**Student:** 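Structure in structure tokens, see below.
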Protein chains: 2
Amino acid sequence: MTTLRARQKEDRRNRIVSSAKTLFRKHGYEKTTIEGIAEAAGVSGVTVHNYYGTKAGVLLALVIESDKQLIERLEDSLSRDEDDLIELTIQFARHILDHAIANLDKEIWRQVIAAVTTSAGTQLTKAYFKLDQQLAFVLVRRIEALQAAGKIPESVNAVHLGKALFHLENARFIQFISSDDCTQKDIEERLRNDLTALFAVRAA
Amino acid sequence: MTTLRARQKEDRRNRIVSSAKTLFRKHGYEKTTIEGIAEAAGVSGVTVHNYYGTKAGVLLALVIESDKQLIERLEDSLSRDEDDLIELTIQFARHILDHAIANLDKEIWRQVIAAVTTSAGTQLTKAYFKLDQQLAFVLVRRIEALQAAGKIPESVNAVHLGKALFHLENARFIQFISSDDCTQKDIEERLRNDLTALFAVRAA
DNA sequence: TAAAATTTTTTATTCAATAAAAATTTATGC
DNA sequence: GCATAAATTTTTATTGAATAAAAAATTTTA
């Protein structure tokens, strides 16, 4: 049974997050004030704080929602007949970058990264890392498929490999958002260089 | 010719940074106020802002100084007869983690990462990334040495490999500081897993 | 429907950040 | 060597994030 209070609360959360997204996209992160978000959502500024703790908390909540959608779609949008691990990883990165810039611009993504690191241990950060984990496992499952197809040695630990590739992708993602000049193409090239070099270490 | 003004300015910079380091270590980042730093340094709060822009800017300045020392020493402290790339990289990571926790605690390193990402493009951030670059090249030179010794194929691009390994190490460093529970041992193990999996992709 | 419980709002405070005016100190020309 | 010009710091004031406590409003329940 959902009480009236629970429904009202849920409603306020939705209004706050959706107002925030509009304002962040319209005016950027810095110029958007908590008071502004509150007004657009029809609550008081303190209520926004009570709900999300900080302005960065509101941003994180909004990113978590959009990342859930990304994960839902990613599994399907990754081409199923790519049998080269390098190209697969680059495709994976491409989907993530596409999704990121479709939702928020670089300036705001920088705030996301900052928020995630400073507010380590909070509920929202845990939720964020859980989604990261799920993203990594999309790669893990593809690696297992490649192993089943004989494209990657069975001796390789798919979980370890997937996580390592995800970390690398993530490092390049952060590099992407950290500079306004860095293009998606730059990132793909760097990622390709990374993987080519790493995979060649033990090549015969 | 160094004018009196230039010397005074340099002096104030030193006092601000050194007061800040003391206070950050003593009371943590949040509880240290700009006004407190200013008082300890014998200047006004606005002067601290004029010099470093933000509280995070002061922190960054202080980290850059200490990272310069790290780089100076790192080249020598890395064992010269380690011929396994995995162990070399782990050793590299160990030195960086050791240096990090010897200087500031995790809470403050989180603020450093946040500051670097949010204030992308500023002078201090550029200086920070330049040092990162130098760190990566310590690895690159070791890789070249391993190639010369026939331990790694000459076909591998040492610069690409060094940078990729550095990114991986950096990702694990951020993971280290992001959780109070994560030990250095955990990080070494994860890094070993990363590299073992990556290097085994093309293994015969 | 009235009392109790919960939640939001009001009010107030601290601190970061920024801007403009005022004051101080250093540098320079006579 | 002193008066004036230039540069730099400090004072003062304002906005906004974050937090806490009291007051007000609304929902729940008895």
Side-chain angles (χ1 to χ4, degrees), chain A residues 1-17 19-20 23-24 27-62 107-108 111-112 114-115 118-119 121-125, chain B residues 1-17 19-20 23-24 27-62 107-108 110-112 114-115 118-119 122-125:
Chain A
M1 165 241 192
T2 59
T3 69
L4 172 59
R5 276 206 165 128
R7 271 175 285 138
Q8 285 176 325
K9 199 162 229 171
E10 184 60 26
D11 218 61
R12 278 188 216 106
R13 289 196 107 89
N14 288 334
R15 292 206 307 272
I16 290 170
V17 167
S19 301
L23 292 173
F24 285 151
H27 307 119
Y29 182 80
E30 306 274 9
K31 283 188 182 164
T32 299
T33 67
I34 293 262
E35 213 59 49
I37 296 170
E39 194 181 356
V43 295
S44 80
V46 174
T47 293
V48 175
H49 271 111
N50 286 340
Y51 276 44
Y52 295 103
T54 63
K55 189 162 87 165
V58 180
L59 175 58
L60 224 50
L62 164 179
E107 182 242 346
I108 298 181
Q111 301 290 343
V112 173
T118 51
S119 50
T122 65
Q123 221 46 46
L124 282 169
T125 302
Chain B
M1 165 238 192
T2 60
T3 70
L4 172 58
R5 281 214 161 120
R7 270 175 287 140
Q8 286 175 322
K9 200 161 227 171
E10 184 60 25
D11 218 59
R12 277 187 218 108
R13 288 195 108 88
N14 289 334
R15 293 206 305 273
I16 290 169
V17 167
S19 301
L23 292 173
F24 284 151
H27 307 119
Y29 182 79
E30 306 275 10
K31 284 187 182 165
T32 300
T33 66
I34 293 261
E35 213 58 49
I37 296 170
E39 194 182 355
V43 295
S44 80
V46 175
T47 294
V48 175
H49 272 112
N50 285 339
Y51 275 45
Y52 294 103
T54 64
K55 190 162 87 165
V58 180
L59 175 58
L60 224 50
L62 163 179
E107 181 242 347
I108 299 181
R110 295 197 271 266
Q111 301 290 342
V112 174
T118 52
S119 50
T122 65
Q123 221 47 45
L124 282 169
T125 301

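Just so you know, these numbers come straight off a predicted model, no measurement behind them. A note on names: the letters A, B, ... follow the listed sequences, proteins ahead of strands, and every chain is numbered from 1.
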**Student:** Rounded to the nearest Å, what distance is computed from the OH atom of residue B:Tyr29 to the P atom of nucleotide C:dC15?
**Tutor:** 15 Å
**Student:** A:Thr118 and B:Ala114: which non-hydrogen atoms are nearest, and at how many Å?
**Tutor:**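 Shortest heavy-atom contact: CG2-CB, 3.4 Å.
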**Student:** Determine, for B:Asp11 against B:Arg15, whether the closest basic-nitrogen to carboxylate-oxygen distance falls under 4.0 angstrom.
**Tutor:**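 A salt bridge links B:Asp11 with B:Arg15.
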**Student:** Measure CZ/A:Arg15 against C1'/C:dT8 and give the value in whole Å, please.
**Tutor:**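 From A:Arg15 CZ to C:dT8 C1': 12 Å.
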**Student:** Out of D:dT28, D:dT9, C:dT9, which has the shortest distance to the side chain of A:Thr3?
**Tutor:** D:dT28
**Student:** Closest to the A:Gln8 side chain: C:dT7, D:dT27, D:dT8?
**Tutor:**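 Closest nucleotide among those given: D:dT27.
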**Student:** Step through the shown structure and confirm whether more than 12 heavy atoms of other residues, nucleotides or ligands are within 6.0 Å of CD on A:Glu39.
**Tutor:** no
**Student:** Taking all non-hydrogen atoms of both residues into account, name the closest pair between A:Gly45 and A:Ile34 and its distance.
**Tutor:**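 The pair with the smallest heavy-atom distance is O-CG2, 3.8 Å.
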**Student:** Return a table of donor-acceptor pairs under 3.5 angstrom between the side chains of residues 51-60 of chain A and protein atoms on other chains or two or more places apart.
**Tutor:**
residue : atom : partner : partner atom : Å
A:Tyr51 : OH   : A:Arg12 : NH1          : 3.1
A:Thr54 : OG1  : A:Ala56 : N            : 3.4
A:Thr54 : OG1  : A:Gly57 : N            : 2.9
A:Lys55 : NZ   : A:Tyr29 : O            : 3.0
A:Lys55 : NZ   : A:Glu30 : O            : 3.4
A:Lys55 : NZ   : A:Thr32 : O            : 2.8

**Student:** Using atom NE2 of A:His27 as one end and atom C1' of D:dG16 as the other, report the distance to the nearest whole Å.
**Tutor:** 16 Å
**Student:** Between B:Thr125 (side chain) and B:Ser119 (backbone), is there a donor-acceptor pair under 3.5 Å?
**Tutor:** yes
**Student:** Rounded to the nearest 0.5 Å, what separation is found between the CG atom of B:Leu23 and the OG1 atom of B:Thr33?
**Tutor:**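 Rounded to the nearest 0.5 Å, the CG-OG1 separation comes out at 8.0 Å.
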**Student:** A:Asp11 has an atom CG; how far is it from atom C1' of C:dT7, in whole Å?
**Tutor:**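 After rounding, the reported distance stands at 15 Å.
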**Student:** Taking only heavy atoms on the protein side, list every residue of residues 33-44 of chain B lying under 4.0 Å from any atom of DNA chain C, sorted numerically.
**Tutor:** B:Thr33, B:Ile34
**Student:** Using atom NZ of B:Lys9 as one end and atom C1' of C:dA27 as the other, report the distance to the nearest whole Å.
**Tutor:** 14 Å
**Student:** Supply the atom-to-atom distance A:Thr2 OG1 to A:Lys9 NZ, rounded to the nearest 0.5 angstrom.
**Tutor:**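 Atom-to-atom, A:Thr2:OG1 and A:Lys9:NZ are 14.0 Å apart.
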**Student:** Let me know the distance between CZ of A:Arg12 and C1' of C:dT7, rounded to the nearest Å.
**Tutor:** 7 Å
**Student:** Nearest 0.5 Å please: distance from the CZ atom of B:Arg7 over to the CD atom of B:Glu10.
**Tutor:** 11.5 Å
**Student:** Which ones in residues 49-57 of chain A lie close to DNA chain D, meaning a heavy atom under 4.0 Å from one of its atoms?
**Tutor:** A:His49, A:Gly53, A:Thr54, A:Lys55
**Student:** Roughly, in whole Å, what's the span from NZ in B:Lys31 to P in D:dT19?
**Tutor:**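 Checked: the NZ to P distance equals 13 Å.
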**Student:** Among C:dT9, C:dA19, D:dT9, which nucleotide has an atom closest to any side-chain atom of A:Val46?
**Tutor:** C:dT9
